[in-house]
Asker: 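Handing you this structure, nothing more for now.
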Amino acid sequence: MKLATWNINSVRLRLPLLLRFAAEYLPDIICLQETKCPDEFFPATKLRAAGYTHQAIWGQKSYNGVAILSRVPLTDIQTYARCGKQDCRHLSAHLPGGAALHNIYIPAGGYEADPIGNPKFQHKLDFVDELAAWWPQQTAGAKILVGDLNIAPLEHDVWDSKKMQNVVSHTPIEREKFLAMQNSIDWIDSAREFTPHDQKLYSWWSYRATDWDAANKGRRLDHIWVTPDLKSSLRGAHTPRDLRAWPQPSDHVPVILQIQD
DNA sequence: ATGGTCGATATTCGA
């Protein structure tokens, strides 16, 4: 089974790219973030025609929005309002076999890495704290966490870790809280099971770069974690960089995990 | 050191 996560930055604008991605990479399940689309306008019919007959969608006007598109049945679909807000950022479903799939869009956190002067940064830290406390309270059983987590935790998840110390997404407090959430139930960072920690690995390149490809100042913001009971089923993970060069791209590319059924 | 670009929506906000 191929499982993909992708911050698509408008599902309506990028529907042609989504269909091309589905046709070329054949993912069985696609988890989207930043769909920016109220549910009544979601292109459900066209995606059903492409084989994604099982869908869980949770969108809102203009911002946020998450969705799970699947070729296999989804059950027990749930949404979660976090940090006292109504943001559409966390959606889950159970897969055949029983694993719980959580699709999460962590707040980006604004520009200034100061929780007092910048409420968006505080919201981001609170969101991670809330999740870290929440996972141990859930029933045992196989779990998969995917999404745009908006944090690049490791030294080689960014182009220059020292220069990124004060840049939101790679600050010490974010990295610390991120690892605390990861350790809350022994989550496994699946992409790093297949790419050594001393090799650069990115899933996002800013729109603002003059030449994103040549500069290659990327960050690994998008993640797929699994619980230890799934570790022996992992078969490969990759981040198809070529999508960043497709016409009218998202600033994120998908992360794909292959799991033995 | 600065500003650079997107998308949705409305002429600004969030990324």
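Note on naming: letters A, B, ... go to the chains in the order of the sequence lines (proteins, then strands), and numbering restarts at 1 for each one. From a predicted model like this one, the values you see are computed outputs, not experimental measurements.
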Asker: Mind checking if Tyr105(A) touches a base, just sugar-phosphate, or nothing, with heavy atoms under 4.0 Å?
Answerer: sugar-phosphate
Asker: For the residue pair Asp87(A) / Tyr80(A), report whether a side-chain donor-acceptor contact shorter than 3.5 Å exists.
Answerer: no
Asker: For Arg219(A), answer base if it contacts any base atom (sugar-phosphate contacts may also be present), sugar-phosphate if it contacts only those atoms, and nothing otherwise; contact means non-hydrogen atoms under 4.0 Å.
Answerer: nothing
Asker: Starting at CG of Leu13(A) and ending at C1' of dT9(B), how long is that distance when rounded to a whole Å?
Answerer: 14 Å
Asker: Checking His90(A) against Thr79(A): is there a side-chain donor and acceptor pair closer than 3.5 Å?
Answerer: no
Asker: Between dG14(B), dA15(B), dT9(B), which nucleotide gets closest to the side-chain atoms of Ala108(A)?
Answerer: dA15(B)
Asker: What integer number of Å spans the P atoms of dC6(B) and dA10(B)?
Answerer: 22 Å
Asker: If the cut-off is 4.0 Å, is Lys61(A) near the phosphate of dA8(B), judged by side-chain N/O to OP1 or OP2?
Answerer: no
Asker: Between atom CG in Leu221(A) and atom C1' in dG14(B), what is the gap in whole Å?
Answerer: 15 Å
Asker: Calculate the interatomic distance between Asp211(A) atom CG and dT5(B) atom C1'; express it in whole Å.
Answerer: 14 Å
Asker: Nearest 0.5 angstrom please: Trp187(A) CH2 to Trp135(A) CH2, how far?
Answerer: 4.5 Å
Asker: Taking the C1' atom of each, how far is dT11(B) from dG7(B), in whole Å?
Answerer: 14 Å
Asker: CD of Gln60(A) versus P of dG14(B): gap in Å, rounded?
Answerer: 12 Å
Asker: Taking only side-chain N and O atoms of Arg14(A), does any of them lie within less than 4.0 angstrom of OP1 or OP2 on dG7(B)?
Answerer: yes
Asker: Side chain of Arg208(A): nearest nucleotide among dG4(B), dC13(B), dT9(B)?
Answerer: dG4(B)
Asker: Taking atom P of dC6(B) as reference, at what distance in whole Å does atom CD1 of Ile8(A) sit?
Answerer: 17 Å
Asker: Taking the nucleotide of DNA chain B with the nearest heavy atom to each, does Pro107(A) or Ala209(A) sit closer to the 5' end?
Answerer: Ala209(A)
Asker: Between atom CZ in Arg244(A) and atom P in dT5(B), what is the gap in whole Å?
Answerer: 13 Å
Asker: Quick check on the 6.0 Å ring-centre criterion: do Trp134(A) and His102(A) meet it?
Answerer: yes
Asker: If you assign each of Tyr207(A) and Glu34(A) to its closest nucleotide in DNA chain B, which residue comes earlier from the 5' end?
Answerer: Tyr207(A)
Asker: Are Ile151(A) and Val168(A) connected in a single hydrophobic cluster, I mean Ile/Leu/Val/Met/Phe/Trp/Tyr linked by side-chain heavy atoms less than 4.5 Å apart?
Answerer: no
Asker: How close or far is atom P of dG7(B) from atom CD of Gln33(A), stated in whole angstroms?
Answerer: 17 Å
Asker: Check this one for me: any side-chain N or O of Gln248(A) less than 4.0 Å away from OP1 or OP2 of dG7(B)?
Answerer: yes
Asker: Measure the distance from CZ on Arg12(A) to P on dG7(B) and round it to the nearest whole Å.
Answerer: 13 Å
Asker: Rounded to whole angstrom, note down the P distance from dT5(B) over to dT9(B).
Answerer: 22 Å
Asker: Taking only the C1' atom of each, what is the distance from dA15(B) to dG4(B) in whole angstrom?
Answerer: 14 Å
Asker: Please determine whether a side-chain nitrogen of the Lys or Arg among Arg192(A) and Asp157(A) lies less than 4.0 Å from a carboxylate oxygen of the Asp or Glu.
Answerer: yes
